There are 2 protein chains.
Amino acid sequence: MRGRSGRRPGKPDTRGAILAAAREIFAERGYDGSSIRHIAASAGVDPALVHHYFGNKEDLSMEVVKAPIEPAAVMEEIFAEGIEAAPENVVRAFLGVCEGPVSGPAFLGLLRGAVAHQWQALLLREFFTTQIARRVVRRLGTAVDPAELPLRASLVSSQLFGLALARYVLRIQPLADAPREVVVAAVAPNIRRHMIGALDAGDREAV
Amino acid sequence: MRGRSGRRPGKPDTRGAILAAAREIFAERGYDGSSIRHIAASAGVDPALVHHYFGNKEDLSMEVVKAPIEPAAVMEEIFAEGIEAAPENVVRAFLGVCEGPVSGPAFLGLLRGAVAHQWQALLLREFFTTQIARRVVRRLGTAVDPAELPLRASLVSSQLFGLALARYVLRIQPLADAPREVVVAAVAPNIRRHMIGALDAGDREAV
DNA sequence: GTCTATACGTGGATAGAC
DNA sequence: GTCTATCCACGTATAGAC
């Protein structure tokens, strides 16, 4: 996919190897815990090459993150079965991203970085508000009061981020090893509440 | 040891000053982002004194975290009004811890650290399972199937951690600046579901 | 394109003087 | 108890040879 015409065999994509290694290292050790030396070693190349292909560490991490998420396509998937099934599909899609071979490490790396550095937190925040929240809001249309949409979006984010944190980063059991559909069944109703349900405890009595 | 007879000049309690400075620096810059030099400067003391009072950086961070949380007392507060009001009180108590002048930085520092280092993740996990989850489980008693209690506990943790992450670390708006009671009203029903409600979507009628 | 060598900074930790 | 001086291990980044 990378330029059919330019490069030819023989040079099996050092750049790609570095990128792949970076993705994994960043995801599992965080930004600060990952050194360029480690990444280079893991990719089997010289550290100087990392600087050669990507300018510096920050740029490299941006590249890693930027790669793999297609909000538009994911949205289609989520709302394909209508608004009533959306919450389940949100959770399903989110788990899919987190467990994807490339999107997973990328997102988890970003999440880890966001906790450590403000500029990465800003990146994550920006991504969610402009790419996710905004699109969801548009889909929800007039189903709920537009004035409360931002709060709803931030609540959904918090639940989803919490899920990723507990399941993949902190690895709290048994949530960490629970089957996907168990997780979907458990948290989708909460997502539904935050998306289209009552924002206060008005619907409570049915324990 | 800050006893009577010794010095008097403007030097009260160096140890305490270091601890207070460490609490803040750790909370706002994370473990790796915080240097002993920086903490010492912020406390207005010499870096060597930090090593003198607390052995090394890791020990210092443990001390910071160990300080301020009284699980037993918090539990009383949560279940004082009975099991039905517990979910609201859980959220209220959690927000209280996060916003406390000393417990707040301590907990947020721990959360940040847990994302960066496995040993801190283990610490946080251990704290929650032995101090929080176990006690909650005991209180819940026979209200729910004991076999599903661990899953329930981990689900509650994930929601709470997600809340802390979004509101205090990532500062996603408008959740970050929403009044406490708005947050309580919004997330308590979800906590209720995970504590004593249906674990699947059984309470929902239309897909 | 790839690697060697190195400059430069930062940060944890210790020894020992006052 | 407090501070000065210093050591040492990394880690980023660059310059330049092959």
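All of these numbers come straight from a predicted model, not from anything done at the bench. Letters go in sequence order (proteins before strands), and every chain restarts at 1.
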- Item | Partners passing side chain to side chain contact (heavy atoms under 4.5 Å, CB included) against Glu28(A) (at least two apart in sequence or in another chain) | none
- State whether Tyr53(B) places a side-chain N or O below 4.0 Å from either non-bridging phosphate oxygen (OP1 or OP2) of dG1(D). no
- Leu49(A) CG - dA13(D) C1' separation (whole Å): 14 Å
- Query: Once you round it to whole Å, what is the distance between P of dG12(C) and NE2 of His38(B)?
  - Reply: 12 Å
- Quantify the bending of the helix from dG1(C)-dC18(D) to dC18(C)-dG1(D) as the angle between its end axes, each fitted on five pairs, to 10°. 0°
- Item | Min side-chain heavy-atom separation Leu19(A)-Leu60(A) under 4.5 Å | yes
- List the steps and the verdict of side chain to side chain contact (heavy atoms under 4.5 Å, CB included) for Leu160(B) and Ser157(B). CA-CA 5 Å; Leu160(B) 257 19; Ser157(B) 310; 5.8 Å; no
- Task: Scan nucleotides 13-18 of chain C nucleotide by nucleotide, 5' to 3', and note B when protein non-hydrogen atoms come under 4.0 Å of the base, S if they reach only the sugar-phosphate, - if neither.
- Result: BB----
- Any donor and acceptor pair, going by atom type alone, linking the side chain of Ser158(B) with main-chain N or O of Leu163(A) inside 3.5 Å? no
- Message: So if I apply the side-chain contact (heavy atoms from CB on, under 4.5 Å) rule between Ser61(A) and each of Gln120(A), Lys66(A), Arg23(A), which one comes out positive?
- Response: Gln120(A)
- Could you tell me whether the phosphate oxygens of dT2(D), OP1 or OP2, come under 4.0 Å of any side-chain nitrogen or oxygen in Thr14(B)? yes
- Between the side chains of Tyr168(A) and Glu99(A), is a donor N or O closer than 3.5 angstrom to an acceptor N or O? yes
- Task: Spell out, as yes or no, whether a donor-acceptor pair under 3.5 Å connects the side chain of Ser42(B) to the backbone of His38(B).
- Result: no
- Item | Partner set under salt bridge (Lys or Arg N to Asp or Glu O under 4.0 Å) for Asp145(A), not counting sequence neighbours | none
- Message: Restricting to side chain to side chain contact (heavy atoms under 4.5 Å, CB included), what partner residues turn up for Asn89(A), sequence neighbours left out?
- Response: Ile78(A), Glu81(A), Ala85(A), Arg92(A)
- Query: Which residues in residues 25-34 of chain A have at least one heavy atom lying under 4.0 Å from any atom of DNA chain C?
  - Reply: none
- Rounded to whole Å, the CG-P distance (Asp46(A) to dT14(D)) equals 15 Å
- Item | d(CZ, Arg15(B); P, dG1(D)) in whole Å | 11 Å
- Item | Donor-acceptor pair between Asp32(B) and His117(B) side chains, under 3.5 angstrom | yes
- Test Arg167(A) against Asp177(A) for salt bridge (Lys or Arg N to Asp or Glu O under 4.0 Å), laying out the working first. CA-CA 8 Å; Arg167(A) 182 170 163 99; Asp177(A) 289 329; over 6 Å; no
